[in-house]
Amino acid sequence: YYLEKWDKARKYCEKVIELNPNDAQVYGNLALLLASDHFKEYIQAKKYCEKVIELKPKDSQAYYNLAVLLENEYFKEYTQAKKYYEMAIE
């Protein structure tokens, strides 16, 4: 039951993006969802984080989320993460 909710949330986010491809918040939500332990789709999550930044370049939360993602065990891109942390607090 719990896993079904994760899958359903993903489908809803993808549908919203299909209907409104400029909704930065939904890209951000989907990025967090895909980076979760349930999906572990880190490359796609990174693309969605970058899309949020493209749509809302002044969104400090988007830079922070990307930084956290880049620090994880999959990417281990600490220099890049530091750069995005710094951009988040500018």
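Starting from 1, each residue takes its place in the sequence as its number. No hydrogens, no waters, no symmetry mates; every other heavy atom, side chains included, goes into these values.
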side-chain contact (heavy atoms from CB on, under 4.5 Å) between Tyr84 and Asn65, intermediate numbers included: CA-CA 9 Å; Tyr84 287 113; Asn65 290 343; over 6 Å; no
Audit row: Leu66, Leu70, side-chain contact (heavy atoms from CB on, under 4.5 Å) steps and yes/no: CA-CA 6 Å; Leu66 182 53; Leu70 291 173; 4.0 Å; yes
From SG (Cys49) to CD (Gln61), nearest 0.5 Å: 10.0 Å
Which atom of Cys13 lies closest to which atom of Leu30, heavy atoms considered: CB-CD1, 3.9 Å
Atom OH of Tyr64: over 12 foreign heavy atoms under 6.0 Å: no
Lys8/Glu4 salt bridge by N-O under 4.0 Å criterion: no
Note, Lys46 side chain near Glu77 side chain (heavy atom, < 4.5 Å): yes
Minimum heavy-atom distance between Gly28 and Val52, given as atom pair plus value: N-CG2, 3.3 Å
Where Ala81 and Glu71 come nearest, the two heavy atoms and their spacing: CB-CG, 3.6 Å
Path from Ile53 to Val68 over hydrophobic side-chain contacts below 4.5 Å: no
ILVMFWY cluster, Leu19 and Tyr12 together (side-chain gap under 4.5 Å): no
Check against side-chain contact (heavy atoms from CB on, under 4.5 Å), Leu55 and Asn22: CA-CA 7 Å; Leu55 292 170; Asn22 294 317; 3.7 Å; yes
Salt bridge (Lys or Arg N to Asp or Glu O under 4.0 Å) against Lys58, all qualifying residues, sequence neighbours excluded: none
Donor-acceptor contact below 3.5 Å, side chain Tyr42 vs main chain Leu34: no
Pairing of Glu50 and Lys47 as salt bridge, 4.0 angstrom limit: no
Side-chain ion pair, Glu41 and Arg10, N-O less than 4.0 Å: yes
Value rounded to 0.5 Å, distance of CG in Asp23 from NZ in Lys56: 9.0 Å
Point-to-point distance, once rounded to the nearest 0.5 Å, from OH of Tyr27 to CG of Asn20: 8.5 Å
Heavy-atom closest contact (Ala88 atom, Ser60 atom, distance): O-CB, 3.0 Å
Lys51 versus Pro21, closest heavy-atom pair with distance: CE-O, 4.2 Å
Pair Tyr85 and Tyr63, ring centroids less than 6.0 Å apart: no
Verify same cluster id: Trp6, Val26 (apolar side-chain graph, 4.5 Å): yes
Residue Phe75 excluded, over 12 heavy atoms near CZ under 6.0 Å: yes
ILVMFWY cluster, Tyr74 and Leu32 together (side-chain gap under 4.5 Å): no
Test side-chain contact (heavy atoms from CB on, under 4.5 Å) applied to Asp7 and Phe39, step by step: CA-CA 9 Å; Asp7 294 331; Phe39 290 108; 3.5 Å; yes
